[in-house]
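Below is one structure; the comments refer to it alone.
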Amino acid sequence: MPELPEVEIVKQSLKRAINHKKIRKVIVKNRNLRFKLPVNFEKTLQDKVISNVSRLSKYIIIEFKSGLFCIFHLGMSGTVHIIKKKIDKITNLSFYQYKQVPTRHNHIKFIFSNFKIIYNDPRRFGFFKLFKSLDELNIYFKKIGPEPFSKKFNFFYLYNKIKNKKKNIKNILLDQNIVAGLGNIYVNEILFYCKVDPKKKGSEISKKEIKKIIRYSNIVLKIAIKSGGSSIRDFKNANGDNGSFQKKFKIYGKKGYACPRNNCKGKIIKFFQTNRSSYMCQICQK
DNA sequence: CCGTTAACCTGAGAGC
DNA sequence: TGCTCTCAGGTTAACG
């Protein structure tokens, strides 16, 4: 489900809620995520104080005062929920309040003093990992490519990465070791803006097109973050709010529609590239 | 090294 | 209603 903009949105809302707070207790209902949760997971995190929350690629990184790191990935269907504890003034009873609490697949609960965080993930492709130090963390992320917004993601970098590639540009851009954080929706959208055929080989992409890919990666992702991400099926930020970037999709999920480009008479077609759906206008994407 | 495929899971929606 | 089939925002182990 989540690509860079959605993960960024989750990170922002999560950071506001948990930064500088102490985890009082961790309760695990199901350890069988993408990777089995470490046996010491609950104990390691109990009573730890959070000193920062950040994002790298599609990962959220929680840093603790003690120097420990906990990272997690949402996979395809992971969601994070902040649930505030309210106290009824008449009965003095406390209860948790959330716009819509999921009933199933709540695998992990992080209990704080006046709220709790729930990790929900129906398909269980998400996962958590612990690292004892920054060095360990850096080793884990060593292969990940540059963030699309970073100066490292520039013309020379991308040109050298793709100039000899036989792989199609769509799959190149989905490769997290080339550039971090792009996923199926945003790669489809970016290539439409660039007027580039997703089937084109890396070696066939012109220098002009490389520059466009970099520029539109930045533009599309920035607008998506500003829109709160894309909520197609069930994406919500940690406060339960939907994003709105899905309303701005040009081609994703728009099979059979007319090309949204002015003066283009093309139709949007759908096809598969390595088992993942691709959309394009056959006339203006070359 | 490179590129391709299958596998990991559940649920929603389409078609019958 | 209900069955069966396809598809979904991601990653990675295993193979040639």
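Throughout, protein chains are lettered first and strands after them, A, B, ... in sequence-line order, and every chain is numbered starting at 1.
- Checking C:dT11, C:dG9, B:dG3 against every side-chain atom of A:Lys165, the shortest atom distance belongs to B:dG3.
- With rounding to whole Å, A:Lys167 atom NZ is found 14 Å from B:dC1 atom P.
- A:Ser77 comes within 4.0 angstrom of no nucleic acid atom, judged by non-hydrogen atoms across all strands.
- As rounded to whole Å, 11 Å separates atom P of C:dG9 from atom CG of A:Asn275.
- Distances shorter than 4.0 Å separate none of the side-chain N or O atoms of A:Tyr186 from OP1 or OP2 on C:dG9.
- Here C:dA8 presents its C1' atom at 13 Å from CG of A:Asn188, a figure rounded to the nearest Å.
- Proximity of a side-chain donor or acceptor of A:Asn188 to a complementary backbone N or O of A:Tyr279 within less than 3.5 Å is detected.
- The residue among A:Arg233 and A:Lys166 whose nearest nucleotide of DNA chain B lies closer to the 5′ end is A:Lys166.
- By the 5.5 angstrom centroid cut-off and the 30-degree plane limit, A:Phe125 is classified as not stacked against the base of B:dC9.
- Note on A:Tyr252: only backbone sugar-phosphate atoms sit closer than 4.0 angstrom, heavy atoms only; bases stay farther off.
- Distance, A:Phe35 CZ to B:dC8 P: 14 Å, rounded to whole Å.
- For C:dG10, neither phosphate oxygen OP1 nor OP2 lies less than 4.0 angstrom from any side-chain nitrogen or oxygen of A:Gln176.
- Rounded to an integer number of Å, the gap from A:Asp121 CG to C:dG10 C1' is 11 Å.
- Residue side chain A:Arg123 reaches the base of B:dC9 through a donor-acceptor N/O pair under 3.5 Å, judged by distance alone.
- Straight-line distance between the C1' atoms of B:dA12 and C:dT11: roughly 23 Å, to the nearest whole Å.
- Under the 4.5 Å side-chain heavy-atom criterion for ILVMFWY residues, a single connected hydrophobic cluster contains both A:Phe41 and A:Ile62.
- Figure legend. B:dA14 is base-paired to C:dT4; pairs are counted as Watson-Crick or G-U wobble with both atom distances under 3.5 Å.
- Between C:dA8 and A:Lys270, a contact under 4.0 Å exists linking OP1 or OP2 to a side-chain N or O.
- The shortest distance between the side-chain N/O atoms of A:Ser277 and the OP1/OP2 oxygens of C:dG9 is below 4.0 Å.
- Contacts of A:Arg104 with the nucleic acid, taken as non-hydrogen atoms under 4.0 Å apart, involve only primed sugar atoms and P, OP1 or OP2.
- In this structure, A:Ile71 places its CD1 atom 12 Å from P of C:dT11, rounding to the nearest Å.
- Nearest approach of A:Ile111 to A:Lys116, heavy atoms of both residues: CD1-CB, 4.0 Å.
- Residue A:Asn177 contributes atom CG, which lies 11 Å from atom C1' of C:dT12 at whole-angstrom precision.
- Annotation: C:dT6 and B:dA6 have their P atoms spaced 14 Å apart (nearest Å).
- The existence of a salt bridge linking A:Lys129 and A:Glu136 is excluded, since no basic side-chain nitrogen approaches an acidic carboxylate oxygen closer than 4.0 Å.
- A sub-4.0 Å separation between OP1 or OP2 of C:dG10 and a side-chain N or O of A:Arg276 is present.
- Spacing between C:dT12 and B:dG11 at atom C1', rounded to whole Å, works out to 23 Å.
- Remark: B:dC9 base-pairs with no nucleotide in the shown strands. Criterion, Watson-Crick or G-U wobble with two distances under 3.5 Å.
- The side chain of A:His105 contributes no N or O atom lying less than 4.0 Å from OP1 or OP2 of B:dT10.
- Counting only heavy atoms from C-beta on, A:Ile185 has its side chain closest to C:dG9 among B:dG11, B:dC8, C:dG9.
- Relative ring orientation between A:Phe249 and A:Phe245 is described as perpendicular, the plane-to-plane angle rising above 60° on a 0-90° scale split at 30° and 60°.
- C:dT6 atom P lies 14 Å from atom NZ of A:Lys255, rounded to whole Å.
- In this structure, A:Lys207 forms no cation-pi arrangement with A:Phe155, as its terminal cationic atom is not both closer than 6.0 Å to the ring centre and no more than 45° off the ring axis.
- A:Phe249 comes within 4.0 angstrom of no nucleic acid atom, judged by non-hydrogen atoms across all strands.
- One finds no salt bridge joining A:Glu209 and A:Lys212 here, because no Lys/Arg side-chain nitrogen approaches an Asp/Glu carboxylate oxygen to under 4.0 Å.
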